[in-house]
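Below, each value reflects all heavy atoms present in this structure, side chains not excepted, and no hydrogens, waters or symmetry copies.
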Amino acid sequence: MASNMDREMILADFQACTGIENIDEAITLLEQNNWDLVAAINGVIPQENGILQSEYGVETLHGPAYGPTSHSTAASSTPSSSSAFRHVVPSRQIVERQPRMLDFRVEYRDRNVDVVLEDSSTVGDIKHILENELQIPASKMLLKGWKTGDVDDSTVLKSLHLPKNNSLYVLTPDLPPPSSSHSGALQESLNQNFMLIVTHREVQREYNLNFSGSSTIQEVKRNVYDLTSIPVRHQLWEGWPSSATDDSMTLAVSGLTFPCHRLTVGRRSSPVQTREQSEEQCTDVHMVSDSDGDDFEDATEFGVDDGEMFGVASSALRKSPMMPENAENEGDALLQFTAEFSSRYGDCHPVYFIGSLEAAFQEAFYGKARDRKLLAIYLHHDESVLTNVFCSQMLCAESIVSYLSQNFITWAWDMTKEANRARFLTMCTRHFGSVVAQTIRTQKTDQFPLFLIIMGKRSSNEVLNVIQGNTTVDELMMRLMAAMEIFSAQQQEDIKDEDEREARENVKREQDEAYRISLEADRAKREAQEREMAEQFRLEQIRKEQEEEREAIRLSLEQSLPPEPKEESTESVSKLRIRTPSGEFFERRFLASSKLQVVFDFVASKGYPWEEYKLLGTFPRRDVTQLDPNKSLLEVKLYPQETLFLEAKE
């Protein structure tokens, strides 16, 4: 029985080939044929002179063949082929052959033309329609964009096995381009390079991709498929301009921001279920593509290879090498390897690390102990008889793919070309030593492919296992699990050592932090003390300066005072008795003709400046400092004697 993912692919391919839009009807027909894609297709699109078997007997129906007549004849000559091409139809019903309509969108310069034809039409019929629409002679047209190789005007569309929706474009190299400012600007845009920054939503990985303005949106999506393994029909995009409505549109006219534009891509999901799956879980099925023509993108997703279906050897169809010879950049080589692997064996395969072997080591071994993984190195060889079986039945098995993605970093290399083989052996010697390199060097071609399981250690990298291609899925899984057990034990020790080391480092960091805080506190305390001492010194200096200034003023006033008159002086003398705030008294005689300012100077010479103290009289109580200092003592009635007292001003 086919797996869930296989059934999704078979359902999508069956709908693309038969044009049946109703999913329930398509599932019913496939279940009646035990999910045999070829038998189900032949049940709907019968072979020429084919025999349909029903409950009521045998009937012979004549109609267009599905595929070349010679292939069907060859297929019926062998028991296996005749079984694959047996026509089974629903009970009480003979499915009649209906004309299959194909939709084409043809791009020519700044125009798009939609063409709808039966699959019995030829390529020349399309050109005749375009001749009327575009006013261009059919002989001057080059119709491009076919998914297959050689196509001429006499080619019948049915023989190309096209999906329902297709995208083509017309070239007219013999006709001069239109001369206008618009076409000049368009040509300039076509020659520009766009930087597309594409974020893969599920894995949060970013790719920087350069495309010329003449590249189409379809080409971008196919390149992203090579990077992310998300088929075009499952790609869910964000960031395309609203004007980018057609995947056949070039980047120059799609409205992208020049020179850099950001896009996000994820995997589209669908709630459609088969009857057997509905009680268990929801699984994705192939949806109709957002882009014209990508229903044929994964031709190898059929139940059998195209080559086997039409009697052609599969190896004859696989002309592209898995990896370019003498590739300068390992990342670019791995990109081609991943794309070619997907085209041969389908989308369900290990996620190969894109980058150098050193980068794969870094990713697998040199992170935190909890995040480390084993490194699996897949060595491919196209000339080995085991390669196709190993890749399609073991390496692409869902259980193997899931286990590898969870526990391994998978890196691949193609050993088919001698230059690539020598390059890997050099890398192997450098990273694993000459013994491992010699072991791989002595492997014969028919022992490939090889699967190397590598575990990183403190001092070196250890090869835990070398798995040859002549194994089974169960044996491969057991050897992977055995390697994982060894790795898990080592990983637990590494985690314990790392935790202890981190604990020691944390204690040291805490001690260093406490010591730093203590030093900061001591320094702050010392600086505060120094600031306080400096402030005290400054204030003391100010106080001393003020005292010195006051003392200088006092001495100056004392020296400027007139001499004290004697008691026996013949002039009028006023005797003043002054009481200080502390209760002390001092007395002095002044000439009655002396000015009041002389008294103020005398009091100031004793340390009581009149700016800070006021001089009060007793009877009557009055503030002498408010009187005119230029008046004489006689005039202010401080004669012949008076008792005054000093009081500090507020």
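- Taking the side chain as every heavy atom from C-beta outward, L374 and I454 never approach each other to under 4.5 Å.
- Taken to the nearest 0.5 Å, the CG atom of L30 stands 9.5 Å off from the CG atom of D36.
- Between T429 and A437, the closest heavy-atom pair is OG1-CB, 3.2 Å.
- Q235 places a side-chain N or O within donor-acceptor distance of the main-chain N or O of K221, the cut-off being under 3.5 Å.
- One N or O on the side chain of S405 and one on the backbone of S402 form a donor-acceptor pair closer than 3.5 Å.
- In terms of heavy-atom proximity, L395 sits nearest to P350 at O-CD, 3.3 Å.
- Judged by distance alone, with hydrogens and angles left aside, the side-chain atoms of R479 form no donor-acceptor pair with the main-chain N or O of N465 at under 3.5 Å.
- The side chain to side chain donor-acceptor pair (under 3.5 Å) test applied to E475 returns T471, not counting sequence neighbours.
- Side chains of D474 and T472: a donor-acceptor N/O pair is absent below 3.5 angstrom, by distance only.
- Panel note: side chain N329, backbone D332; a donor-acceptor pair is recorded below 3.5 Å.
- When all heavy atoms are compared, the tightest approach of S254 to I217 is CB-CD1, 4.1 Å.
- At distances below 3.5 Å, not a single donor-acceptor pair connects side-chain atoms of E462 with backbone N or O atoms of M455.
- Atom OG in S356 sits 9.5 Å away from atom CD in Q362 (nearest 0.5 Å).
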I'd like to know whether Q438 forms a side-chain contact (heavy atoms from CB on, under 4.5 Å) with S434, so could you lay out the CA-CA distance, the side-chain angles of the two residues, the decisive distance to 0.1 Å, and finally the verdict. CA-CA 6 Å; Q438 182 61 26; S434 58; 5.9 Å; no
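- Applying the side chain to side chain contact (heavy atoms under 4.5 Å, CB included) test to E505 and every residue at least two apart in sequence or in another chain returns R501, R509.
- Residues H261 and G239 share a closest heavy-atom pair of NE2-O, 2.7 Å.
- A donor-acceptor contact closer than 3.5 angstrom links the side chains of D494 and Q490.
- Using modelled atom types, one side-chain atom of D414 and one backbone atom of T416 make a donor-acceptor pair closer than 3.5 Å.
- Under the 4.0 Å criterion applied to side-chain N and carboxylate O atoms, D247 and R222 are not assigned as salt-bridge partners.
- The distance from atom CG of L162 to atom CZ of R100, rounded to the nearest 0.5 Å, is 7.5 Å.
- Applying the side chain to side chain contact (heavy atoms under 4.5 Å, CB included) rule to T426 yields the partners R430; only residues at least two apart in sequence or on another chain are considered.
- Take Y378 and apply the ring-ring contact (aromatic ring centres under 6.0 Å, His included) test, not counting sequence neighbours, and it matches H380.
- Applying the side chain to side chain contact (heavy atoms under 4.5 Å, CB included) criterion to L209, with sequence neighbours excluded, gives V198, Y207, F211, V224, L227.
- A salt bridge does not link E325 to R423: none of the charged side-chain nitrogens sits closer than 4.0 Å to a carboxylate oxygen.
- Atom-to-atom distance recorded for I467:CD1 and L450:CG is 10.0 Å, nearest 0.5 angstrom.
- Residues that satisfy the ring-ring contact (aromatic ring centres under 6.0 Å, His included) test with H349, not counting sequence neighbours, are F341, Y352.
- You'll find the side chain of L379 stays beyond 4.5 Å of the side chain of P449, heavy atoms only.
- Atom-to-atom distance recorded for L335:CG and N223:CG is 9.0 Å, nearest 0.5 angstrom.
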Candidate pair E238 and R201, rule side-chain contact (heavy atoms from CB on, under 4.5 Å), full reasoning: CA-CA 10 Å; E238 294 178 4; R201 186 185 300 110; 3.4 Å; yes
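- The stretch residues 429-457 participates, sequence neighbours left out, in these ring-ring contact (aromatic ring centres under 6.0 Å, His included) pairs: F361-H431, F361-F432, H381-F448.
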Checking salt bridge (Lys or Arg N to Asp or Glu O under 4.0 Å) for the pair E363/K373: CA distance, chi angles, key distance, verdict? CA-CA 8 Å; E363 182 77 11; K373 293 184 177 183; over 6 Å; no
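- Although no hydrogens or angles enter the test, the distance criterion places a donor-acceptor pair under 3.5 Å between the side chain of E202 and the main chain of R267.
- Here the side chain of R268 pairs no donor or acceptor atom with the backbone of W237 at under 3.5 angstrom.
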Show your reasoning for whether side-chain contact (heavy atoms from CB on, under 4.5 Å) applies to L263 and T199. CA-CA 6 Å; L263 298 168; T199 301; over 6 Å; no
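- Residues satisfying the side chain to side chain donor-acceptor pair (under 3.5 Å) criterion with E502, sequence neighbours excluded, are K368.
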Could you walk me through whether D347 and S229 pass side-chain contact (heavy atoms from CB on, under 4.5 Å), step by step? CA-CA 6 Å; D347 295 332; S229 297; 5.5 Å; no
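- T445 is linked by a side chain to side chain donor-acceptor pair (under 3.5 Å) to nothing, counting only residues two or more places apart in sequence or in another chain.
- Evaluated for a side-chain hydrogen bond (donor to acceptor under 3.5 Å, both in side chains) with R344, the options D382, T387, N388 yield exactly one hit, D382.
- The ring-ring contact (aromatic ring centres under 6.0 Å, His included) search around F487 returns none, not counting sequence neighbours.
- Not a single ring-ring contact (aromatic ring centres under 6.0 Å, His included) links F408 to another residue, sequence neighbours left out.
- In this structure a side-chain-to-backbone donor-acceptor pair under 3.5 Å is present from W413 to N420.
- In this structure, CG in L375 is found 8.0 Å from CD1 in I409, a value given to the nearest 0.5 Å.
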Given the rule in the salt bridge (Lys or Arg N to Asp or Glu O under 4.0 Å) test, do D499 and R370 qualify, once you have shown the distances and angles that lead to the verdict? CA-CA 10 Å; D499 290 344; R370 286 180 173 81; 3.0 Å; yes
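- A distance-only check finds no donor-acceptor pair linking the side chain of E340 to the backbone of M323 [under 3.5 Å].
- In this structure E500 satisfies the side chain to side chain contact (heavy atoms under 4.5 Å, CB included) test together with K496, D497, R504, sequence neighbours excluded.
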